[in-house]
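If you read the sequence from its start, that first residue is 1, and numbering goes on from there.
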Amino acid sequence: MENQNIIKSFRYTAIIEGISYLMLFAISMPLKYLADLGQPNKYIGYAHGFLFMLYLVLAVVLTMERKWGMKRFAVLFVASLLPFGTFYIDKKYLRD
């Protein structure tokens, strides 16, 4: 992939992964435990899991392409575990 395409793909994935993370904990978890509706949690959880794995794969590819060190990859990884972390990554590292 061309460098700009990798950045663009990673950026979109980071944003969508962040949204799925927020949906999982702000919408589907309360539905599951407060309203006893487990179906939304199942589907949002599957989508979030897929997006999380895609985010990590693209983070590895981007780190290798841009010749970033392990420290930058660690920041990308930790950001994926924190609410709003992927939005921070987009603003700090990915915008022109």
side-chain contact (heavy atoms from CB on, under 4.5 Å) between Ile89 and Tyr55, worked out: CA-CA 12 Å; Ile89 291 300; Tyr55 174 91; 4.1 Å; yes
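- Of all non-hydrogen atoms in Ala59 and Leu76, the two that sit nearest each other are CB-CD1, 4.1 Å.
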Tyr88 and Leu82: CA distance, side-chain angles, deciding distance, side-chain contact (heavy atoms from CB on, under 4.5 Å) verdict: CA-CA 10 Å; Tyr88 168 78; Leu82 302 173; over 6 Å; no
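- To the nearest 0.5 Å, atom CG of residue Leu58 and atom NZ of residue Lys8 are 14.0 Å apart.
- The shortest non-hydrogen separation linking Leu31 to Pro40 is CD1-CG, 4.1 Å.
- No path of Ile, Leu, Val, Met, Phe, Trp and Tyr side chains, each step under 4.5 Å between heavy atoms, connects Phe52 with Ile44, placing them in separate hydrophobic clusters.
- The same ILVMFWY cluster, assembled from side-chain heavy atoms under 4.5 Å apart, contains both Phe10 and Leu56.
- Cluster membership for Phe77 and Ile7, using ILVMFWY side-chain heavy atoms within less than 4.5 angstrom, is shared.
- In this view, Tyr21 and Phe25, His48 satisfy the ring pair (Phe, Tyr, Trp, His ring centres under 6.0 Å) rule, not counting sequence neighbours.
- The cluster map of Ile, Leu, Val, Met, Phe, Trp and Tyr, joined by side-chain heavy atoms under 4.5 Å apart, puts Met53 and Ile16 in different clusters.
- The line from CZ of Phe73 to CZ of Arg66 is 16.0 Å long, rounded to the nearest 0.5 Å.
- Hydrophobic clustering (side-chain heavy atoms under 4.5 Å, transitive across Ile, Leu, Val, Met, Phe, Trp, Tyr) keeps Leu81 apart from Ile19.
- Nearest approach of Gly69 to Thr63, heavy atoms of both residues: O-CG2, 3.9 Å.
- Applying the side chain to side chain donor-acceptor pair (under 3.5 Å) test to pairs two or more places apart or on separate chains, those with a residue in residues 32-47 are Ser28-Asn41, Gln39-Tyr43.
- Partner Arg11 forms a side-chain contact (heavy atoms from CB on, under 4.5 Å) with one of Thr86, Leu62, Ile6, Leu94 and no other, that one being Leu94.
- Between Ile15 and Phe87, the shortest heavy-atom contact is O-CE2, 3.8 Å.
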